[in-house]
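Just below is one structure, and these are the notes that go with it.
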Amino acid sequence: MNNAIFQMDRPDNEHVYDYAPGCKERKALNAELERLSSVITEIPLIIGGKEIRTGNTGNVVMPHDHAHVVATYHKAGEKEVKMAIDEALKAHREWSAISWVERVSINLKIAELIAKKYRFLMNAATMAGQGKNAYQAEIDAACEVIDYLRFNAFFASEIYKLQPGSQPGIINRFEYRPLEGFVFTVSPFNFTAIGSNLNMAPVLMGNTVVWKPSTTALLSNYFLMKIYQEAGIPDGVINFLPGSGGMIGNIVFRHPEFAGLHFTGSTATFNEIWKNIADNIGNYRSYPRIVGETGGKDFIFVHPSADPQEVAVAIVRGAFEFQGQKCSAASRGYIPESLWEDIKARIKEMISRITVGDVTEFSNFMNAVIDDKSYENIMNYIGYARNSKDAEIITGGKGDKTKGYFIEPTIIQVKDPHFKTMEEEIFGPVMSIYVYKDKDLKETLKICDATSPYALTGSVFSKDREALAEACRILRYAAGNIYFNDKPSGAVVGQQPFGGARASGTNDKSGSYLNLLRWTNPRTIKETLIPPTEFTYPFMKEDRCH
Ligand code: NAD
């Protein structure tokens, strides 16, 4: 047995390739994209390490070309959900007992496989299936997946080092047990990296999981699962279960061994799940850990001292990269009257250079939104603004779903800071802007804080240090990640631990040790070296001093 006290070094973030014309990475990515586009991948369930085909199938299509089927997938039925839970519980015995160094090694092997062998496959699958352009895929499906795996290995080694104090004659220890039971992981469509981390964070800490991936992220998520297997994740540690979230959830949440939920998705889904768990609370062996990162209504607040060009770039990148489908995307702005005309002109000029289209055309800054439901939802918000006398569409506003789900980058200027599109999450390329009078700065900061139920990310642009400090104070609970002079999206693992509170989630900060702590169930072990042999205490003896 290897009895070394092992220590992981803090890693560097994975290098981001730029895919500039002529480079070899661009050629390799294009080749992989072409290959994936010319086949229909069949996606089975993977339970206890075995592929299962139920015959009840659905299609995965390209968001930018919805007639193009890239995969067919098999849907889980009730029988398969129960099998997946049984397999997770069976695998728990070994996996929860194996040395954490072995678990860390698998983490690092997955990271290495994605960095070297499968980088272009993961990026191409995320482009074809989730509609990301080359750069957005690179920072997600390659770099962020890898960063989560490597940083979590380091954070785990830091956690395991933390031990309580001992005294002469007494030894105290912490044993970081995994949770007792299985963890249910439910992932969203918009980040391949989140799909990976929702599983690998609990798994690294010794848990076993039942994974319900998002149907519109199945292509990349299936390849992740295959890479986990190649790296040596034992059978049953992760059970891959495409299918209906409601049906799978209803079985999982009634199970007495349900020990934790690792969720990322919309606030509405999380609320429904939480109620379901609460309804079953008397049935569980342990109180389940509930970790959920949910929606956002992320702001850019501009002080009169800000640089208009810097603000315009932050708005265009923050609101429109990946078509605004990031939980951290800028979707409401507060701009002083004194800067608005200048900023507006710059935004319009930049947007006039944006093209929206196919992910294989690298010149496109924007691509399609994920599916028809999302397209209709976003267009309804734009239609609402178009028909309101309290709003004006400054740029964009049109959509076309004939071939793919394309929507123009849209800026709406609102008269009322509580206008519907300033408060609700739209999850598309739509940003609403409220222009405030410079003298109403403080008042407007308070409005920004109180406008939306969400509190995920936000930015403040200012050249004035005191103004930044004041905004940070007033907006203290308005965002879990706040940025000074930067766009509110693009958090990097190990650098900006991510998550927000209020309606944005439980703020367990993925990409930090805090998230990993949720997947442990520590046991304190006290050992007394020489136990007492007399039950009485000195104070009980007769006092002879008087
Ligand atoms: P969604 O809520 O529609 O779906 C998320 C997952 O939940 C999917 O796998 C879905 O199938 C599943 N699901 C749906 N109903 C369920 C039920 N009743 N029981 C169990 N599972 C169920 O979200 P989405 O459209 O995939 O993702 C977009 C949302 O995710 C946005 O609101 C975005 O802000 C949020 N998000 C948040 C973060 C964050 O870190 N805060 C990160 C990414 C995305």
Side-chain angles (χ1 to χ4, degrees), residues 58 63 73 75-76 81 129-131 140 144 148 184-199 201 210-218 220-221 240-254 258 261-277 279-280 290-298 322-331 369-375 377-378 424-428 452-457 479-481 488-491 493 496-512 515:
Y73 69 99
K75 298 179 190 174
V81 183
Q130 286 138 274
D140 169 20
E144 195 171 326
Y148 271 129
F184 184 39
T185 59
V186 183
S187 54
F189 80 83
N190 67 336
F191 274 89
T192 304
I194 295 176
S196 181
N197 187 54
L198 291 180
N199 291 294
V210 172
W211 177 16
K212 158 48 197 122
S214 168
T215 302
T216 38
L218 273 180
S220 66
N221 286 194
F240 178 75
L241 217 55
S244 149
M247 184 278 289
I248 297 172
N250 278 335
I251 298 173
V252 164
F253 299 130
R254 285 202 303 266
F258 165 64
L261 171 77
H262 205 189
F263 172 87
T264 299
S266 65
T267 303
T269 305
F270 189 48
N271 289 355
E272 190 185 327
I273 287 177
W274 195 305
K275 281 188 199 134
N276 204 341
I277 295 172
D279 285 343
N280 286 290
I290 305 179
V291 175
E293 302 305 333
T294 58
K297 189 70 195 173
D298 313 296
F322 189 37
Q323 301 72 263
Q325 299 172 114
K326 300 188 184 189
C327 51
S328 55
S331 61
V369 299
I370 193 69
D371 58 13
D372 189 54
K373 189 167 150 235
S374 179
Y375 176 91
N377 181 45
I378 299 163
E424 295 178 16
E425 184 181 52
I426 300 173
F427 222 59
S452 159
Y454 300 105
L456 192 53
T457 74
N481 285 57
S489 61
V493 173
Q496 295 94 28
F498 192 76
R502 293 187 183 163
S504 290
T506 53
N507 197 12
D508 286 295
K509 290 284 185 263
S510 66
S512 84
N515 179 278

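Note that the numbering runs from 1 along the sequence shown for the chain. For ligands, and for the atoms within them, numbers begin at 1 and follow the listed sequence.
Ring orientation note: the planes of F258 and F253 are nearly perpendicular, at an angle over 60° on the 30°/60° scale.
Considering all non-hydrogen atoms of both residues, W211 and T185 come closest at CA-OG1, 3.2 Å. For the residue pair N190 and K326, the shortest heavy atom distance occurs at ND2-CA, 3.9 Å.
Here the straight-line distance linking atom OG1 of T216 with atom CZ of F189 works out to 6.0 Å at 0.5 Å rounding.
Contact shell of ligand 1 (protein heavy atoms, cutoff 4.0 Å): V186, S187, P188, F189, N190, I194, K212, P213, S214, G245, G246, F263, T264, G265, S266, T269, E272, I273, E293, T294, G295, G296, C327, E425, F427, L456, F498.
For the side-chain contact (heavy atoms from CB on, under 4.5 Å) test with S504, the passing option among L456, T457, T267 is L456; the others fail. The side-chain contact (heavy atoms from CB on, under 4.5 Å) test with Q130 is passed by exactly one of S220, S214, P63: S220.
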